[in-house]
Amino acid sequence: MHDLFESVYDPAQIEEAIQKHWVKSKIFEAYEDESKEKFYCLCMFPYPSGRLHMGHVRNYTIGDVIARYKKMKGFNVLQPMGWDAFGLPAENAAIENQTHPAKWTISNIEYMRNQLERLGFAYDWRRELSTCDPSYYRWEQWFFTRLYEKGLVYRKEAEVNWDPVDQTVLANEQVIDGCGWRSGVPVERRRIPQWFLKITDYAEELLDGLDSLEGWPESVKTMQRNWIGRSVGVNITFTVDGARDNLEVFTTRPDTLMGATYLAIAPDHPLAQEFAGNNEAVRKFLDDCRETPVSEVDFEKMEKKGVPLGLSASHPLTGDPLPVWVANFVLMSYGTGAVMSVPAHDQRDWEFATKYGLEIKQVIEPENDEDIDLKTQAITEKGRLINSGAFDGQRSSEAFRAIAAELKLRNLGIEKVQYRLRDWLVSRQRYWGCPIPVLYSDKDDILLEQGEKLPVRLPEEIDLDGVTSPLQGSLDFLKSVGSDGRVLRRETDTFDTFFESSWYFSRFCSYDAKGSMVDGRTSYWMPVDIYIGGIEHAVLHLLYARFFHKTMRDEGLVSSNEPFKKLLTQGMVCKETYFRKHGAKKVYFNPSQVETETDSKGRVVSAILKSDSNPVEIGPVEKMSKSKNNGVDPEELIKAYGADTVRLYTMFASPPEQSLEWSDSAVEGASRFLKSIWRLVKRHVDRGLLASAKNNQNLPTSLQTIRRQIHETIVKVSDDIDRRYKFNTAIAAVMELVNNLSRMKVEEDASQQVRQEGLEVTVLLLTPITPHITEVLWRALGHNEDIADTTWPSVDRSALIKNENNIVVQINGKKRATIVLPLDCKKEVYESKAIEDPNIQKYLTENSIVKVIVVPNKLVNIVLKPK
RNA sequence: GCCGGGAUGGCGAAAUUGGUAGACGCGCCAGAUUCAAAAUCUGGUAUGGGAAACCAUGUGUGGGUUCGAGUCCCACUCCCGGCACCA
C-alpha cells in the first residue's frame, strides 16, 4: 500500500485498493469477546428505494465516524447493515414497471449495497439481513403466535380509508384532499376486522422508561411522553332515559362536573347507532361523518359539528336533565367515546355551545381575580369552585378529590388513568409484507400457524393490479386444511412494516441463528449503544421498537429493558430549487442544469437554464426530493471527488442534528483540503523521515506553542466526536492545525520532529472521517500497520500548560481592550492592570467607577456611573 | 388544530456553564506565480463612518431580567418534522 502514495492525490485509485484490503483482512468483522468493552453502533436501515440519496450518505457517515472512532479507542465494535425491504413503494413500482415487488426490491438492494461499499463504511457484511427474506420474517410470525398465547394480540374492527371506486383500502399517504389518489373520489371510512398488539399494556413502562434514557434528546422523550399521553381523571356514569345502557364518560376535570350542561358522544358510539334509526337528522349526520379520512390531521381540521340525539341523561349529583348530542369531534378510540361538556371551562365545548346555543354555566372562578369574559372565551385554568353546592369555595384540586369520592360513594364514578396511546393496529391490506400467520374456519374460529408450518411464505405467482389484494386472488394461498380435516381460510392481511423494523437490531447480533429468533449473542451486544437516524422516527418507529423489545424481554429472548441507549437524530439534506411557472404549475429544474449569476459581493442575483440560456426563478432551499428536482446524486459525486471528500463534506457542512444545505462549491473546498494535506505530507516526507517529537524538552517556545496546538486539537476533536457529536467543529479544529503545520518553518531536525508529530496526529484524527486517504498517509509517514486498527492519539498533558492568558476588559459590558496577564493572579491585579490600560483610561473620570467584576482568567468588566 | 424543533455576515456555520459575536469553510476582492489560464500560495472581507487608531450599529420581531443576553423569561412572526396505513 506504500506505492499508493504518489505525487498527486488520486482518490479513485486509492479508495478501491483500500476497500479491497479491508475486505481481504476482514478487519470489520465483529466477534463476541468478553474481555473487551463492546460498542454496538447502528444506523436506521434503509428502505431499498433504488439508489442511495444524500440523506443515507449523511446518516451512514455519521454512524461510521462514531464506529471507527470507538474502534480506535479500543472498543469491540459492531456495525451491521440491512434492508427494510417490505413496503408500499415496491407494489407501486411493480405496477408501474410491470415487474414483481420481490424482483424490484432485490435488484435495488444489489445496487445500493454496491453504493454503500463504495463509500467505505466499516460494516460487518456477514450480518446483512433483508426483512423480506422468509428466514427473517418467520421469526416475527413465530413471535406473533407467542404474543397471541399471552393475550397481547387481539382482533377487532377498525376503520380504514376506503376507495369506493377502486374498491380498495388506501394508506393515509394515498388520500389527497380527502380523495383517493388514483380514483379522485372522496374516500369513506369503513370498518373491517383487524389485528392489534396491546401496546397499551406497556404504556406505563414505556412512559417510565423514558426517564432512564439519559442518552436520548429531551425533545424526543417529550414527544413520546405526549404521545403516550397519561392523564388522571374520573370515569363518570350518567343514566340515560330510555336507553339500554348507562353512558360512561371520562373527564380529567371532575371539579367542573357541576358546570356540565350537555353530553357529547362519538358518531360511532353504540348509543348513537342505537338511536339513529328513528331520527332522520342523526342518520344523515352519521352518514356525513363517514366522509372524513381517518388521519388525525383531517380530523382536527374539520369543522366541529353535532346534532342532538333527542335523549336526556341525568346529572349524577343533581339529577338535572342534560341533553345528549352526537358530535364529530368526539373520538371513539379515546376514553369511553363520550364526554361531559363544560362549556364554561373548556374551549372546544365553549365554541360548540356558542354555535348551537347551549347553556354555559360558570362553576370555577380564577384564583388570581383575573377578569375573563365568558362571552368571549372559556376559563380553562383551575381555580375556586362556585355555583357548585356543597363544593363551593374548594380549590380545583380539592374538588377533584371530593367530587370523585362523592361519585364513588354513589357508585357513579371511579378514578381512572387514561392514555392517549392506542393499541397498535398491525394489519395491512397489502401484498408486499409479512403474512399474518392466522387461519379462520368457516365459523370464523381463529387458528394460528405453528412450528413446522412457519414461515407462512408470500406466494410468488401473483397478479398485481393496484386494486384487490393479490393474496385474496391466490387460491393456493387462501385455502388450507386443518389437522382435523376442516377447510380453513388463510388471513390475507400482512403486517405493518414497523413490525419488521421493531426487532432487526436484535437479529443482527444473532444473524445466523437457525433454530431461534435470537440467541445468547444478542445479550452480549444489546442494547444498541448509539442509534442514528432521522428525527421523523421520533415517535412511531422508536416507540414500537421499545415496546417490541420489552415483549421480547418478557419472553426471555433479550435481557435489556431498553433497546437504544443513546439516540442521535439527524436533520434533512437540503438544496436550493429552481423553477419556471406554467400557469399555476411549477416545473422544477435540477440545480446542475442551472447557472447562477452573482454580483460583486457574491450574492446570487439571477439564474438561467444552461440548455436554453433563458431565466429561471430561484426558489427556496428545500429538502432534496424528486418532486422539487433538487437532488444531488451521491454516486456522481463519489466518481468526481472520491468517497473521502463526500464523507468529509457531509460531516463538515453542519452538525448532525441540524439540516444540511448542500453546496457544490463547498464540496470542492473539502476536496481542496484533502489535496493540501496530501501535498504537505509529500513535502514533509521528501525532507526525510524522523521520529516524532515526544515532549517539550529542549524545544524553543515557538515549537512548544505548536505542540500545544497539536495536543489541544486532540482534546478538542476527541470531545467533539465522543461527547458532543459535533463533527463539523472537530474538522474545523483539524483544519486549523493543518494550516499551522503547513505555515511552520522547518529548518532544523527539532521542527521536523514536531511536524512529524503534528502530521501523525492530523492523520489519526481524520481517520474516522476520511479513512482511505489517511490509510495511505499513515504508511507514508513511516508506519506499517493499518491505521483503521491503530489506537487514537493520547494527549500529552504537559504540552497543554500555558503561562499567560488574554484577558478581555469591558466597560459596561462592552469590550474596550485586551490585556495579557499571568495565570490565576489576584483580583486586585486584574483591576489595577485593567484600569491602567490606555484604552480604558480615556473612559474613566474621577469617581466614575461603580464596581469591577472579575471573571478569573477570562474577563474584567468595569461598571461606570450613568452620566 | 395538537406535539416537538429552528431562525446568527453574500452563503454553510462557530460561540460547550450568562462573559471577546462571526472560529473553520464557501463565495467575493486584491496581490504573487504564469506567455496566458487552470492549479497553487499570500492578504482582505458583518454593516455604516474613518487614511488609521477607533467609534456606532448588529444574532427573526416586540418587551423583560442582569454588571453583562445569540444564550435566561414573556408575547409574537415565519420555516421545518410528526400526528398512528410513507418509511
Side-chain angles (χ1 to χ4, degrees), chain A residues 44 46-47 49 84 86-89 160-161 169-175 217-220 222-223 225-227 229 294-297 299-302 333 348 421-425 427-430 496-498 501 534-541 543-544 569 571-572 574 576 598-604 620-623 649 652-655 657-670 672-673 675-676 679 719-720 723-724 726 728-729 731-736 739 742 806-815 818 839 850-853 855 858-864:
Chain A
M44 291 180 187
Y47 177 77
S49 55
D84 187 15
F86 279 136
L88 199 52
V160 291
N161 294 312
V169 175
L170 296 179
N172 284 339
E173 190 194 42
Q174 299 169 316
V175 178
E218 218 40 64
S219 59
V220 173
T222 306
M223 277 192 260
R225 280 189 193 105
N226 293 337
W227 185 265
V294 297
S295 85
E296 193 191 316
V297 184
F299 179 83
E300 289 287 342
K301 284 190 173 167
M302 75 194 173
S333 51
R348 193 174 57 186
L421 180 69
R422 306 201 292 263
D423 276 337
W424 180 8
L425 197 169
S427 300
R428 297 291 181 270
Q429 295 71 41
R430 319 211 173 277
D496 176 5
T497 56
F498 278 130
S501 56
I535 182 68
E536 67 273 19
H537 296 291
V539 176
L540 289 177
H541 162 60
L543 191 64
Y544 290 140
T569 52
M572 295 172 304
C574 305
E576 70 269 32
T598 55
D599 64 11
S600 63
K601 289 194 171 171
R603 246 179 294 229
V604 175
V621 173
E622 294 191 68
K623 179 183 173 169
Y649 171 69
F652 181 59
S654 68
E657 315 224 46
Q658 271 180 50
S659 62
L660 183 158
E661 193 181 319
W662 196 269
S663 150
D664 293 320
S665 53
V667 175
E668 201 94 42
R672 202 145 51 210
F673 174 63
K675 283 183 203 158
S676 74
R679 272 194 307 269
D719 187 50
D720 278 351
R723 181 180 65 87
R724 301 210 309 146
K726 295 251 188 185
N728 55 333
T729 51
I731 293 165
V734 177
M735 283 175 168
E736 271 184 278
N739 287 343
S742 68
N806 288 331
I807 307 296
V808 169
V809 184
Q810 295 181 332
I811 287 178
N812 291 335
K814 278 187 184 172
K815 180 187 163 191
T818 39
N839 283 331
V850 177
K851 63 172 163 176
V852 179
I853 286 154
V855 182
K858 213 164 218 171
L859 165 145
V860 178
N861 188 16
I862 301 168
V863 185
L864 300 184

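Each chain gets a letter, A, B and so on, in the order its sequence line appears, and its residues count up from 1.
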A.B. asks: Rounded to the nearest angstrom, tell me the gap between atom CG in A/D720 and atom P in B/A14.
C.D. replies: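 Interatomic distance, CG of A/D720 to P of B/A14: 11 Å.
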A.B. asks: For A/Y544 and B/A87, give me the distance from atom OH to atom P, rounded to whole Å.
C.D. replies: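 The distance from OH of A/Y544 to P of B/A87 comes to 12 Å, rounded to the nearest Å.
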A.B. asks: Which value, in whole Å, describes the distance between the C1' atoms of nucleotides B/A21 and B/A15?
C.D. replies: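 The answer is 7 Å between these two C1' atoms.
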A.B. asks: In whole Å, measure the gap between the P atoms of B/C26 and B/A32 for me.
C.D. replies: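 The same atom, P, in both gives a distance of 22 Å.
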A.B. asks: For nucleotides B/A14 and B/C24, find the distance between their C1' atoms and express it as a whole number of Å.
C.D. replies: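 That atom pair is separated by 8 Å.
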A.B. asks: Phosphate oxygens OP1/OP2 of B/C79: is one of them under 4.0 Å from a side-chain N or O of A/Q658?
C.D. replies: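 The answer is no; no side-chain N or O of A/Q658 sits under 4.0 Å from OP1 or OP2.
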A.B. asks: Using modelled atom types and a 3.5 Å cut-off, is there a donor and acceptor pairing between side-chain atoms of A/N161 and backbone atoms of A/V294?
C.D. replies: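 At least one qualifying donor-acceptor pair exists.
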A.B. asks: A/I862 near the nucleic acid: base, sugar-phosphate alone, or nothing, with a heavy-atom cut-off under 4.0 Å?
C.D. replies: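 It contacts nothing in the nucleic acid.
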A.B. asks: Can A/T818 and A/N806 be counted as having a side-chain donor-acceptor contact under 3.5 angstrom?
C.D. replies: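 Side-chain D/A pair, A/T818 to A/N806: absent.
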A.B. asks: Classify the glycosidic conformation of B/G9 as syn or anti, calling it syn when the angle lies within 90° of 0.
C.D. replies: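 Nucleotide B/G9 adopts syn.
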A.B. asks: Taking the side chain as C-beta and beyond, is there a heavy-atom pair between A/W424 and A/D496 under 4.5 Å?
C.D. replies: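 They are in side-chain contact.
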A.B. asks: Once you round it to whole Å, what is the distance between P of B/C24 and CG of A/N739?
C.D. replies: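 Roughly 8 Å, once rounded to whole Å.
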A.B. asks: Between B/U61 and B/G9, how far apart are the two P atoms, rounded to whole Å?
C.D. replies: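 Looking at atom P only, B/U61 and B/G9 are 10 Å apart.
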A.B. asks: In whole angstrom, give the distance that lies between atom NZ of A/K623 and atom P of B/C86.
C.D. replies: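 Atom-to-atom, A/K623 to B/C86, this comes out as 14 Å.
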A.B. asks: Report all interatomic pairs (protein N or O, nucleotide N or O of nucleotides 38-45 of chain B) with separations under 3.5 Å.
C.D. replies:
unit_1	atom_1	unit_2	atom_2	d
B/U40	O3'	A/R679	NH2	3.4

A.B. asks: Is any side-chain N or O of A/Q429 under 3.5 Å from a base N or O of B/C85, one able to act as donor and the other as acceptor?
C.D. replies: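 In this structure, the two groups form a donor-acceptor pair.
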A.B. asks: Taking atom C1' in both B/C76 and B/G6, compute the distance separating them and give it to the nearest angstrom.
C.D. replies: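 My reading of the C1' atoms in B/C76 and B/G6 gives 16 Å.
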A.B. asks: In dot-bracket, 5' to 3', how would RNA chain B read with Watson-Crick or G-U wobble pairs under 3.5 Å, [ ] for crossing ones and | for pairs to another strand?
C.D. replies: (((((((..(((......[....)))((((((.......))))))((((....))))..(((((..]....))))))))))))....
A.B. asks: Taking the side chain from A/Q658 and the backbone from A/P655, do they hold a donor-acceptor pair closer than 3.5 Å?
C.D. replies: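 Absent.
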A.B. asks: For the side chain of A/E657 and the base of B/G5, is some donor closer than 3.5 Å to an acceptor across the two?
C.D. replies: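 When only heavy-atom distances are counted, A/E657 does not reach the base of B/G5 through any donor-acceptor pair under 3.5 Å.
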A.B. asks: C1' atom, B/C85 versus B/U77: distance in rounded Å?
C.D. replies: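 Per the computed distance, 35 Å lies between those C1' atoms.
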A.B. asks: Rounded to the Å, how far apart are A/R723 CZ and B/U17 P?
C.D. replies: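 In whole Å, B/U17 P and A/R723 CZ are 7 Å from each other.
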A.B. asks: For A/N226 and B/G4, is the shortest distance between a side-chain N/O and OP1 or OP2 below 4.0 Å?
C.D. replies: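 Looking at the OP1 and OP2 atoms of B/G4, one of them is under 4.0 Å from a side-chain N or O of A/N226.
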A.B. asks: Roughly, in whole Å, what's the span from NE2 in A/H541 to P in B/C85?
C.D. replies: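 Rounding to the nearest Å, NE2 of A/H541 and P of B/C85 are 15 Å apart.
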A.B. asks: Take atom CZ of A/R724 and atom P of B/A23, then tell me their distance rounded to the nearest Å.
C.D. replies: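 After rounding, the gap between these two atoms is 16 Å.
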A.B. asks: Taking 4.0 Å as the cut-off, does a side-chain nitrogen or oxygen of A/S663 come that near to OP1 or OP2 on B/G12?
C.D. replies: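 A/S663 to B/G12 OP1/OP2: no side-chain N or O under 4.0 Å.
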A.B. asks: Describe the nucleic acid contact of A/L88 in one word from base, sugar-phosphate, nothing, applying a heavy-atom distance below 4.0 Å.
C.D. replies: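 Sugar-phosphate only.
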A.B. asks: Given the C1' atoms of B/U59 and B/G18, what is the spacing between them in whole Å?
C.D. replies: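 It works out to 15 Å between them.
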A.B. asks: Given that A/K301 and A/E736 both sit by RNA chain B, which one's nearest nucleotide is further toward the 5' end?
C.D. replies: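 The residue mapped nearer the 5' terminus is A/K301.
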A.B. asks: Can you pull every protein N or O that's under 3.5 Å from an N or O on nucleotides 18-21 of chain B?
C.D. replies:
unit_1	atom_1	unit_2	atom_2	d
B/G19	N2	A/Q810	OE1	3.4
B/G19	N2	A/N861	ND2	3.3
B/U20	O2	A/K815	NZ	3.0

A.B. asks: Below 4.0 angstrom from OP1 or OP2 of B/C85, is there any side-chain N or O of A/R428?
C.D. replies: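 The answer is yes; a side-chain N or O of A/R428 sits under 4.0 Å from OP1 or OP2.
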A.B. asks: Verify the contact: side-chain N or O of A/N172 to OP1 or OP2 of B/A84, cut-off strictly under 4.0 Å; return yes or no.
C.D. replies: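 The answer is yes; a side-chain N or O of A/N172 sits under 4.0 Å from OP1 or OP2.
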A.B. asks: Let me know the distance between CG of A/D664 and C1' of B/G12, rounded to the nearest Å.
C.D. replies: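 Whole-Å distance recorded here is 13 Å.
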A.B. asks: Test your reading of the model: is there a side-chain donor-acceptor pair from A/Y649 to the backbone of A/S663, 3.5 Å cut-off?
C.D. replies: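 Looks like yes, one N/O pair under 3.5 Å.
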A.B. asks: Please classify the nucleic acid contact of A/P655 as base, sugar-phosphate, or nothing, using heavy-atom distances under 4.0 Å.
C.D. replies: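 Sugar-phosphate only.
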A.B. asks: When all nucleic acid strands are considered with a 4.0 Å heavy-atom cut-off, which category describes A/F299: base, sugar-phosphate, or nothing?
C.D. replies: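 Contact class for A/F299: none.
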A.B. asks: Contact class for A/S659 (heavy atom, under 4.0 Å): base, sugar-phosphate, or nothing?
C.D. replies: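 Sugar-phosphate only.
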